[in-house]
Amino acid sequence: MRYDLVIFDNDGVLVDSEPISNRLLAAYLTELGHPTSYEDSIRDYMGSAMHRVHELVLERTGQRLPDDFDDVFHTRVFAAFAAELKPVAGAAEVLARLAVDGVPYCVASSGSHERIRVGHRTTGLDQWFDASRIFSAQDVGRGKPAPDLFLYAAERMGVAPERCAVVEDSPLGVRAAVAAGMDVYGFTAMTPAERLAGATQLFADLGQLVDLLE
C-alpha cells in the first residue's frame, strides 16, 4: 500500500449517522427559534464539531444557544442511534481487510469521544477500534476545517502527514486533510462530488477503497 496510515472520518464514512444527526439538529435549532431545514444543516454543519454550530448561530443571529444545548442534542441523537443507526455498507469489510493486511488505521472525528464510541458499539464496529485508534476534535480544540485533528492523529500514530490517506465525506473534512498535507479520498455516497473539490480522488462505494489505496 502507498500509505502508512489510513485515517477515517466517522460520521457518514463508518457509521450512517449523518441523516439522523442532521435531521435532529435542524429540528432542534428550529425549535429554539432558528429555522433550519435538513438541507441547511447538511450544508452548514456536516462534518463539523459542535462549536461550529454555536459560532454560526451567534454570528448570524447575535444570540447564544442554551448552555445545555450540546447535552440535550446528544441525548436525542443517542436515543435515535439506538433505534436507527447502522454501519455504512462495506465499512466492516474494509476494516477487516486493513487489519488482515497489517495496515495501520484510525478514526479522527469531529464528534465527541462519547459519540464515536456509542456509534461504534451500536453498529458493532467497536471490535475494530480500541482507545489508541480513536481521535476526536475534543483532543485538539479546533475542529475541521482546521488541520489540527488529522495532524494530531498522525503524530499519535507515529506517521508523517505525507504518508497518510484520509477518508472523508464532508467539504470541511476535505479542507482539513488538504491543509494537513495529506491525500484525501472523497466519499460521495451522500455528498455531491462537486462539494468535495480538492480531494485526491473521489469514490462512491466503500468497498472500492482498499483497491484505490494500493
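Worth knowing before you read on, the calculation uses all heavy atoms, side chains too, and leaves out hydrogens, waters and symmetry mates. Please read all numbers here as calculations on a predicted model, not as lab measurements. Residue numbers start at 1 and run along the sequence shown.
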A.B. asks: Assess the residue pair Leu196 and Leu202 against the criterion (side chain to side chain contact (heavy atoms under 4.5 Å, CB included)); give the C-alpha distance rounded to whole Å, side-chain angles, the decisive distance to 0.1 Å, and a yes or no.
C.D. replies: CA-CA 8 Å; Leu196 300 181; Leu202 301 174; 3.8 Å; yes
A.B. asks: Might you point out which heavy atoms bring Gly119 and Val15 nearest each other, and give the distance in Å?
C.D. replies: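 Scanning both residues completely, I find the closest heavy atoms to be O-CG1, 3.9 Å.
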A.B. asks: Taking all atoms of both residues into account, what is the closest heavy-atom pair of His120 and Leu14, and its distance?
C.D. replies: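 Taking His120 first and Leu14 second, the nearest heavy atoms are NE2-CD1, 4.3 Å.
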A.B. asks: Grab the two heavy atoms, one from Gly186 and one from Ala199, that are nearest each other, plus how far apart they are.
C.D. replies: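 Shortest heavy-atom contact: N-CB, 3.9 Å.
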A.B. asks: Heavy atoms, side chains only, cut-off 4.5 Å: are Pro66 and Leu32 in contact?
C.D. replies: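 Touching, per the 4.5 Å side-chain cut-off.
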A.B. asks: Test Glu18 against Asp169 for side chain to side chain contact (heavy atoms under 4.5 Å, CB included), laying out the working first.
C.D. replies: CA-CA 10 Å; Glu18 293 290 9; Asp169 72 330; 4.2 Å; yes
A.B. asks: Is any side-chain heavy atom of Phe150 less than 4.5 Å from a side-chain heavy atom of Met182?
C.D. replies: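 With C-beta onward as the side chain, the pair touches.
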A.B. asks: Rounded at 0.5 Å granularity, tell me how far NZ in Lys86 sits from OG1 in Thr123.
C.D. replies: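 It comes to 11.0 Å.
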A.B. asks: List the atom of Leu206, the atom of Gly90, and the distance in Å for their closest heavy-atom pair.
C.D. replies: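 Residues Leu206 and Gly90, closest heavy atoms: CD2-C, 3.9 Å.
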A.B. asks: Around atom CZ of Arg2, are there more than 12 heavy atoms of other residues, nucleotides or ligands at under 6.0 Å?
C.D. replies: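 Buried by this count: over 12 neighbours within 6.0 Å.
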A.B. asks: Would His51 and Glu55 count as a side chain to side chain contact (heavy atoms under 4.5 Å, CB included) if you check the C-alpha gap in whole Å, the side-chain angles of each, and the deciding distance to 0.1 Å?
C.D. replies: CA-CA 6 Å; His51 67 78; Glu55 290 165 0; 3.1 Å; yes
A.B. asks: Do NZ/NE/NH1/NH2 and the carboxylate oxygens of Asp126 and Arg121 come within less than 4.0 Å?
C.D. replies: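 No salt bridge links Asp126 with Arg121.
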A.B. asks: Quick check: do Pro161 and Leu151 have side-chain heavy atoms less than 4.5 Å from each other?
C.D. replies: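 A side-chain contact under 4.5 Å exists here.
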A.B. asks: CZ of Arg97: more than 12 outside heavy atoms within 6.0 angstrom?
C.D. replies: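 Above 12, so yes.
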A.B. asks: For the atom pair CD1 (Ile42) and OG1 (Thr191), what is the distance rounded to the nearest 0.5 Å?
C.D. replies: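 Rounded to the nearest 0.5 Å, the CD1-OG1 separation comes to 7.5 Å.
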A.B. asks: So do Val13 and Val88 actually touch side chain to side chain, heavy atoms under 4.5 Å?
C.D. replies: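 No, side chains not in contact.
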A.B. asks: If only atom types and distance count, is the side chain of His34 paired as donor or acceptor with the main-chain N or O of Thr30 below 3.5 Å?
C.D. replies: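 Judged by distance alone, no pair lies under 3.5 Å.
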A.B. asks: Closest heavy-atom contact between Trp128 and Ala99?
C.D. replies: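 Closest approach of Trp128 to Ala99, heavy atoms only: CZ3-CB, 4.1 Å.
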A.B. asks: So, Asn22 versus Ser41: side-chain donor-acceptor pair below 3.5 Å or not?
C.D. replies: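 Checked: Asn22/Ser41 side chains pair up, N/O donor to acceptor below 3.5 Å.
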A.B. asks: May I have the step-by-step check of salt bridge (Lys or Arg N to Asp or Glu O under 4.0 Å) for Arg142 and Asp148, ending in yes or no?
C.D. replies: CA-CA 7 Å; Arg142 286 200 310 167; Asp148 305 32; 2.8 Å; yes
A.B. asks: Report yes or no: do Leu25 and Leu172 belong to one cluster of Ile/Leu/Val/Met/Phe/Trp/Tyr joined by side chain heavy-atom distances under 4.5 Å?
C.D. replies: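 The answer is no; the residues belong to distinct hydrophobic clusters.
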A.B. asks: With a 4.5 Å cut-off on side-chain heavy atoms, are Asp139 and His113 touching?
C.D. replies: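 They are in contact (side-chain heavy atoms under 4.5 Å apart), so the answer is yes.
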A.B. asks: What's the separation between atom CZ in Phe8 and atom CG in Leu125, rounded to the nearest 0.5 Å?
C.D. replies: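 So the CZ of Phe8 and the CG of Leu125 are separated by 10.5 Å.
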A.B. asks: In sequence, state the C-alpha distance, the side-chain angles, and the governing distance for Ile134 and Cys106, and then conclude on side chain to side chain contact (heavy atoms under 4.5 Å, CB included).
C.D. replies: CA-CA 6 Å; Ile134 299 175; Cys106 66; over 6 Å; no
A.B. asks: Roughly how far, to the nearest 0.5 Å, is the CG atom of Leu29 from the CG atom of Asp40?
C.D. replies: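 Answer for the CG-CG pair, Asp40 versus Leu29, is 9.5 Å.
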A.B. asks: Work out which heavy atom in Ala193 is nearest to a heavy atom in Thr188; give both atom names and the distance.
C.D. replies: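 Heavy atoms of Ala193 and Thr188 come nearest at CA-CG2, 4.0 Å.
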A.B. asks: Salt bridge or not for Arg60 and Asp44, using N-O below 4.0 Å?
C.D. replies: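 The answer is yes: the pair qualifies as a salt bridge.
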A.B. asks: Does any non-hydrogen side-chain atom of His54 lie less than 4.5 Å from one of Asp70?
C.D. replies: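 When only atoms from C-beta onward are counted, His54 and Asp70 do touch, with a gap below 4.5 Å.
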A.B. asks: With rounding to the nearest 0.5 Å, note down the distance linking OH in Tyr105 to CZ in Arg133.
C.D. replies: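 It comes to 4.0 Å.
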A.B. asks: Check whether more than 12 heavy atoms from other residues, nucleotides or ligands sit under 6.0 Å from atom CG of Asp130, and answer yes or no.
C.D. replies: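 Counting other residues, nucleotides and ligands, CG of Asp130 exceeds 12 neighbours.
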A.B. asks: Please determine whether a side-chain nitrogen of the Lys or Arg among Glu84 and Arg23 lies less than 4.0 Å from a carboxylate oxygen of the Asp or Glu.
C.D. replies: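 Counted as a salt bridge, because a side-chain N and a carboxylate O are separated by less than 4.0 Å.
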A.B. asks: Out of curiosity, does Leu56 fall in the hydrophobic cluster containing Phe73 (side-chain heavy atoms, cut-off under 4.5 Å, transitive links)?
C.D. replies: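 Phe73 and Leu56: one cluster.
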A.B. asks: Check the hydrophobic clustering (I, L, V, M, F, W, Y; side-chain heavy atoms under 4.5 Å; chains of links allowed) and say if Phe187 and Val210 are grouped together.
C.D. replies: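 Yes, it is one cluster - the side chains of Phe187 and Val210 are joined through contacts under 4.5 Å.
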A.B. asks: With side chains defined as the heavy atoms from C-beta onward, is the minimum distance between Cys164 and Asp183 less than 4.5 Å?
C.D. replies: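 The answer is no; the side chains never approach within 4.5 Å.
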A.B. asks: Any chance you could measure Thr36, atom OG1, to Arg43, atom CZ, to the nearest 0.5 Å?
C.D. replies: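 That separation rounds to 9.0 Å.
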A.B. asks: Is there a chain of hydrophobic side chains (I, L, V, M, F, W, Y, each step under 4.5 Å between heavy atoms) that links Phe81 to Met50?
C.D. replies: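 Looking at the clustering, Met50 is in the same group as Phe81.
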A.B. asks: For the side chain to side chain donor-acceptor pair (under 3.5 Å) test, which of Ser136, Ser110, Ser21 pairs with Arg115?
C.D. replies: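 It is Ser21; the other options fail the test.
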A.B. asks: Given side chains that start at C-beta, do those of Tyr3 and Val166 come closer than 4.5 Å, heavy atoms only?
C.D. replies: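 No, their side chains stay 4.5 Å or more apart.
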A.B. asks: Excluding sequence neighbours, so at least two apart, what forms ring pair (Phe, Tyr, Trp, His ring centres under 6.0 Å) with Tyr28?
C.D. replies: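 Checked Tyr28 against ring pair (Phe, Tyr, Trp, His ring centres under 6.0 Å); matches are Phe69.
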A.B. asks: Indicate yes or no: does Asp9 engage Lys144 in a salt bridge with an N to O separation below 4.0 Å.
C.D. replies: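 A salt bridge is present here (some side-chain N lies under 4.0 Å from a carboxylate O).
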A.B. asks: Do you reckon Val103 sits in the same ILVMFWY cluster as Ile7, going by side-chain contacts under 4.5 Å, direct or chained?
C.D. replies: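 No, Val103 and Ile7 fall in different hydrophobic clusters.
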